[in-house]
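Let me begin by presenting the structure, written as structure tokens, before commenting on it.
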Amino acid sequence: MFTLSVEALVSHERHVMGVELMSIPKEINDAFYTGNRSEKIKYVINDTVKITDGEYKGKEAAVISVESIEPNVSFLLETFDGTGDIIVTQSFIKLLIPSEVGKK
């Protein structure tokens, strides 16, 4: 089985087509990848969500990474219908099934 460290995964997610994206603080990424929600970052890796507004309204997806925290929190989501990965603002997302990451 192939596995990536959190640092390698974050590094991969921060580069898209050779472009460096805004860096997410380590403490936010650590919390996200270990399943620790907060008031600011309401979703964690592998949460199943439904998009409630905007272009992708009604689609269900898995949360993959935090893409930005300012001016609005947004996430990279992998849609379940196969249309690809999308970036959606946190305010347009509703939790359907919480991730098992971090639960004992």
Side-chain angles (χ1 to χ4, degrees):
M1 176 173 218
F2 173 64
T3 60
L4 284 175
S5 68
V6 170
E7 291 79 17
L9 184 58
V10 169
S11 175
H12 170 74
E13 292 297 339
R14 299 287 54 124
H15 293 85
V16 176
M17 297 180 69
V19 176
E20 177 73 20
L21 300 175
M22 181 181 106
S23 182
I24 304 299
K26 182 179 183 331
E27 59 275 2
I28 290 177
N29 266 325
D30 288 350
F32 174 81
Y33 286 108
T34 57
N36 294 311
R37 301 171 200 287
S38 68
E39 283 293 316
K40 182 161 183 86
I41 309 296
K42 297 178 181 179
Y43 305 101
V44 298
I45 190 164
N46 293 333
D47 276 344
T48 297
V49 296
K50 185 168 191 168
I51 301 165
T52 60
D53 203 354
E55 178 182 355
Y56 304 105
K57 183 178 180 177
K59 289 186 182 278
E60 293 183 7
V63 179
I64 303 302
S65 66
V66 179
E67 287 299 305
S68 69
I69 55 172
E70 296 296 335
N72 299 306
V73 175
S74 63
F75 296 92
L76 179 67
L77 306 178
E78 180 180 352
T79 61
F80 293 148
D81 66 5
T83 58
D85 295 348
I86 56 177
I87 296 175
V88 179
T89 302
Q90 180 169 260
S91 61
F92 289 2
I93 302 171
K94 174 181 145 186
L95 182 65
L96 293 179
I97 303 170
S99 171
E100 293 293 319
V101 172
K103 293 184 180 177
K104 295 181 182 181

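Note that this is a predicted model, so its numbers are computed, not measured. No hydrogens, no waters, no symmetry mates; every other heavy atom, side chains included, goes into these values.
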Calculate, to the nearest 0.5 Å, the distance between atoms OG and CD1 belonging to Ser23 and Ile69 respectively.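 Going from OG on Ser23 over to CD1 on Ile69, the span is 9.0 Å.
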Using links of under 4.5 Å between side-chain heavy atoms of ILVMFWY residues, direct or through other members, which residues join Phe80 in one cluster?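 Its cluster partners, ordered by chain and number, are none at all.
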Where at least one partner belongs to residues 31-42, residue pairs that pass salt bridge (charged side-chain N to carboxylate O under 4.0 Å, His left out), sequence neighbours excluded: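 Every pair satisfying salt bridge (charged side-chain N to carboxylate O under 4.0 Å, His left out) with a residue in residues 31-42: Arg37-Asp47, Lys40-Glu70.
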Just grab all the salt bridge (charged side-chain N to carboxylate O under 4.0 Å, His left out) pairs involving residues 49-61, residues at least two apart or on different chains.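 Pairs touching residues 49-61 that pass the test: Lys59-Asp81.
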Side chain to side chain donor-acceptor pair (under 3.5 Å) partners for Ser99, two or more places apart: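 By the side chain to side chain donor-acceptor pair (under 3.5 Å) rule, Ser99 matches no residue at all.
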Please list, chain by chain and in numerical order, all residues satisfying side chain to side chain donor-acceptor pair (under 3.5 Å) with Asn46, sequence neighbours excluded.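 If we apply the side chain to side chain donor-acceptor pair (under 3.5 Å) test to Asn46, skipping adjacent residues, there are no hits.
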Knowing that exactly one of Ile51, Ile64, Asp85 qualifies, which makes a side-chain contact (heavy atoms from CB on, under 4.5 Å) with Leu77?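 Among the candidates, only Ile51 passes.
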Can you list the residues that meet the ring-ring contact (aromatic ring centres under 6.0 Å, His included) rule with Phe75, with sequence neighbours excluded?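 Scan of Phe75 (ring-ring contact (aromatic ring centres under 6.0 Å, His included), adjacent residues dropped) gives Tyr43.
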Taking side chain to side chain contact (heavy atoms under 4.5 Å, CB included) as the test, write out the residues that go with Ile97, two or more places apart.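 Per chain and number, Ile97 pairs via side chain to side chain contact (heavy atoms under 4.5 Å, CB included) with Thr48.
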Test side chain to side chain contact (heavy atoms under 4.5 Å, CB included) on Thr79 and Ile86; report intermediate values, then the result. CA-CA 7 Å; Thr79 61; Ile86 56 177; 3.7 Å; yes
Exercise: do Ser74 and Thr89 side chains pair donor with acceptor under 3.5 Å: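 On atom types as modelled, these side chains do not qualify, holding no pair under 3.5 Å.
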Using every non-hydrogen atom in the two residues, find where Thr52 and Lys94 come nearest and quote the distance to one decimal.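 What the structure gives for the nearest pair is CG2-CB, 3.6 Å.
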Shortest non-hydrogen contact from Ile93 toward Val49: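 Taking every non-hydrogen atom into account, CG2-CB, 3.2 Å.
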Derivation of the side chain to side chain contact (heavy atoms under 4.5 Å, CB included) call for Ile28 and Ile41: CA-CA 8 Å; Ile28 290 177; Ile41 309 296; 3.9 Å; yes
